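Model, not experiment: these values are computed from the prediction.
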Amino acid sequence: MEKLYNMKPDLQSWVNSIMEMADVKEIIFFADFSNPSIANEIPKIRGFSNKIIETRNVNPKNEKDFTDFIMLDHIYQQAFQDDGTEMFIIFTGDAHFNSVVAFLKTFCKKQVGVFGVKGAFSNQLKMSASWWMEIPTADDLDKIYCDMILKNFKYLESKGNPKGKITFEKTVQTVSKYNKVKPESISKAMNDLIARGYIVRKTEYVKGSKVVSLKADFKKLAKDGLWVNGD
């Protein structure tokens, strides 16, 4: 998710979603925590569950990631226990989970929901599930793109914008390139912020040429809860 959308998973939002769907009995996290960036998330994870399963491969001669295999083994064991669980919700987009999802539905008569990252979500897995949801959602992405834009405005504001006026085209180009996001996505988010009055257009004439510059209204953004560091 971080590679595709330059964002970390919103655990609180995910937990809220599944709590609305079911009476959650247990939440389990599987990961190779040898990666420092993932290991740093452990304190946050503990806010939702103490059941954290380390999947690190300790064999120095084999770099294979065992996370999927360990998850699959745990799911099968849980299914065979038949403890009254009615629904499994799995966070993965990997096609390797197609068989276990089909097994849970067909032979165990369980409902199976799957959350997967948009752009890395197996279509076969979607078809096997009782229901599925792609993340981040369209609303999530809009918030991410808007935040990227506003951070750029705040940065330029703090520097006194030494290279001149802030323009629509330059902002789209800079933000999309820096965050590795399609210019069309940033342009759409910019237009939305302008339409809602959070970014204000100002027309000026510089040496006889018409220049439309932009300014973010951070007071309004902060008032509406869209900018926590607003002045």
Side-chain angles (χ1 to χ4, degrees), residues 1-5 7-59 62-141 143-144:
M1 190 163 170
E2 196 164 3
K3 290 181 180 179
L4 287 176
Y5 298 102
M7 65 178 291
K8 292 184 177 181
D10 185 348
L11 297 183
Q12 185 64 66
S13 177
W14 290 1
V15 170
N16 290 344
S17 295
I18 63 176
M19 289 292 187
E20 291 176 0
M21 297 174 186
D23 180 13
V24 179
K25 177 182 178 181
E26 187 176 52
I27 299 176
I28 307 171
F29 290 86
F30 298 81
D32 176 355
F33 292 102
S34 62
N35 185 324
S37 64
I38 299 178
N40 291 336
E41 297 297 309
I42 292 178
K44 185 186 297 183
I45 292 172
R46 292 200 184 281
F48 302 98
S49 174
N50 283 320
K51 195 151 189 181
I52 302 172
I53 298 179
E54 169 66 70
T55 63
R56 180 186 311 180
N57 181 357
V58 296
N59 185 348
N62 187 342
E63 297 181 356
K64 189 173 184 61
D65 187 342
F66 287 147
T67 302
D68 287 357
F69 298 102
I70 294 172
M71 284 181 66
L72 287 166
D73 180 66
H74 187 91
I75 293 170
Y76 278 116
Q77 289 189 43
Q78 189 73 25
F80 283 123
Q81 287 178 10
D82 193 18
D83 58 355
T85 300
E86 297 177 354
M87 180 188 296
F88 286 77
I89 300 177
I90 306 171
F91 286 76
T92 182
D94 198 319
H96 290 156
F97 287 81
N98 179 61
S99 294
V100 73
V101 170
F103 171 79
L104 289 170
K105 280 182 59 184
T106 304
F107 295 100
C108 301
K109 308 302 180 185
K110 310 291 186 183
Q111 288 193 53
V112 185
V114 181
F115 283 78
V117 177
K118 188 174 183 179
F121 198 162
S122 162
N123 286 327
Q124 187 178 16
L125 183 58
K126 291 178 184 177
M127 293 176 63
S128 297
S130 304
W131 55 266
W132 55 268
M133 184 178 296
E134 284 187 325
I135 48 178
T137 64
D139 287 344
D140 291 335
L141 288 174
K143 291 176 183 177
I144 294 166

**Q** Hey, are the side chains of F103 and V112 touching, using non-hydrogen atoms and a 4.5 Å cut-off?
**A** no

**Q** Report yes if some heavy atom in the side chain of L125 is under 4.5 Å from a heavy atom in the side chain of T92; otherwise report no.
**A** yes

**Q** Under 6.0 Å between ring centres, would you say that holds for F29 and F91?
**A** no

**Q** Check the side chains of N16 and Q12 for a donor-acceptor pair under 3.5 angstrom, ignoring hydrogens and angles.
**A** yes

**Q** Can you tell me how far NZ of K105 sits from OG of S130, rounded to the nearest 0.5 angstrom?
**A** 4.5 Å

**Q** Over all heavy atoms of both residues, which pair between V24 and M19 is shortest? Give the atoms and the distance, please.
**A** CG2-SD, 3.8 Å

**Q** Hey, does F121 have a side-chain heavy atom less than 4.5 Å from the side chain of W132?
**A** yes

**Q** Report yes if the side chains of F115 and I18 come closer than 4.5 Å at any heavy-atom pair, otherwise no.
**A** yes

**Q** Quick check on Q81: does its CD atom have over 12 non-hydrogen neighbours (other residues, nucleotides or ligands) under 6.0 Å away?
**A** yes

**Q** In Å, rounded to the nearest 0.5 Å, how long is the span from OG1 of T85 to CD of Q111?
**A** 12.5 Å

**Q** Run the side-chain hydrogen bond (donor to acceptor under 3.5 Å, both in side chains) test on N35 and S37 for me, step by step, so that the C-alpha distance in whole Å, both residues' side-chain angles and the decisive distance to 0.1 Å come before the verdict.
**A** CA-CA 6 Å; N35 185 324; S37 64; 2.7 Å; yes

**Q** Take atom NZ of K110 as the centre, draw a 6.0 Å sphere, and report whether it contains more than 12 heavy atoms from other residues, nucleotides or ligands.
**A** yes

**Q** Is there a donor-acceptor pair closer than 3.5 Å between any side-chain N or O of T55 and the backbone N or O of A31?
**A** yes

**Q** Near M127 CE, under 6.0 Å, is it more than 12 heavy atoms from other residues, nucleotides or ligands?
**A** no

**Q** When you compare the side chains of D32 and S34, does any donor N or O come within less than 3.5 Å of an acceptor on the partner?
**A** yes

**Q** Could you tell me whether the side chains of T67 and D65 share a donor-acceptor contact shorter than 3.5 Å?
**A** yes

**Q** So, taking the atom named CG in D94 and the one named CD in Q124, what distance separates them when rounded to the nearest 0.5 Å?
**A** 11.0 Å

**Q** Would you indicate whether K126, at its atom NZ, is surrounded by more than 12 heavy atoms from other residues, nucleotides or ligands within a distance under 6.0 Å?
**A** yes

**Q** What's the spacing between M21 CE and M87 CE if we round to 0.5 Å?
**A** 8.0 Å

**Q** Might you point out which heavy atoms bring S128 and V101 nearest each other, and give the distance in Å?
**A** O-CG1, 3.5 Å

**Q** Is there a side-chain contact between L11 and I45, using heavy atoms and a 4.5 Å cut-off?
**A** yes

**Q** Would you give the length of the straight line joining atom CD1 of I135 to atom CG of D10, rounded to the nearest 0.5 angstrom?
**A** 9.5 Å

**Q** To the nearest 0.5 Å, tell me how far I70 CD1 sits from I53 CD1.
**A** 8.0 Å

**Q** Counting only heavy atoms not in D23, do more than 12 sit closer than 6.0 Å to its CG atom?
**A** no

**Q** Among F69, F97, F30, which one satisfies ring pair (Phe, Tyr, Trp, His ring centres under 6.0 Å) with H74?
**A** F30

**Q** Could you tell me which non-hydrogen atom of P43 sits nearest to which non-hydrogen atom of N40, and how far apart they are?
**A** CD-O, 3.4 Å

**Q** Report yes if the side chains of I90 and M71 come closer than 4.5 Å at any heavy-atom pair, otherwise no.
**A** yes

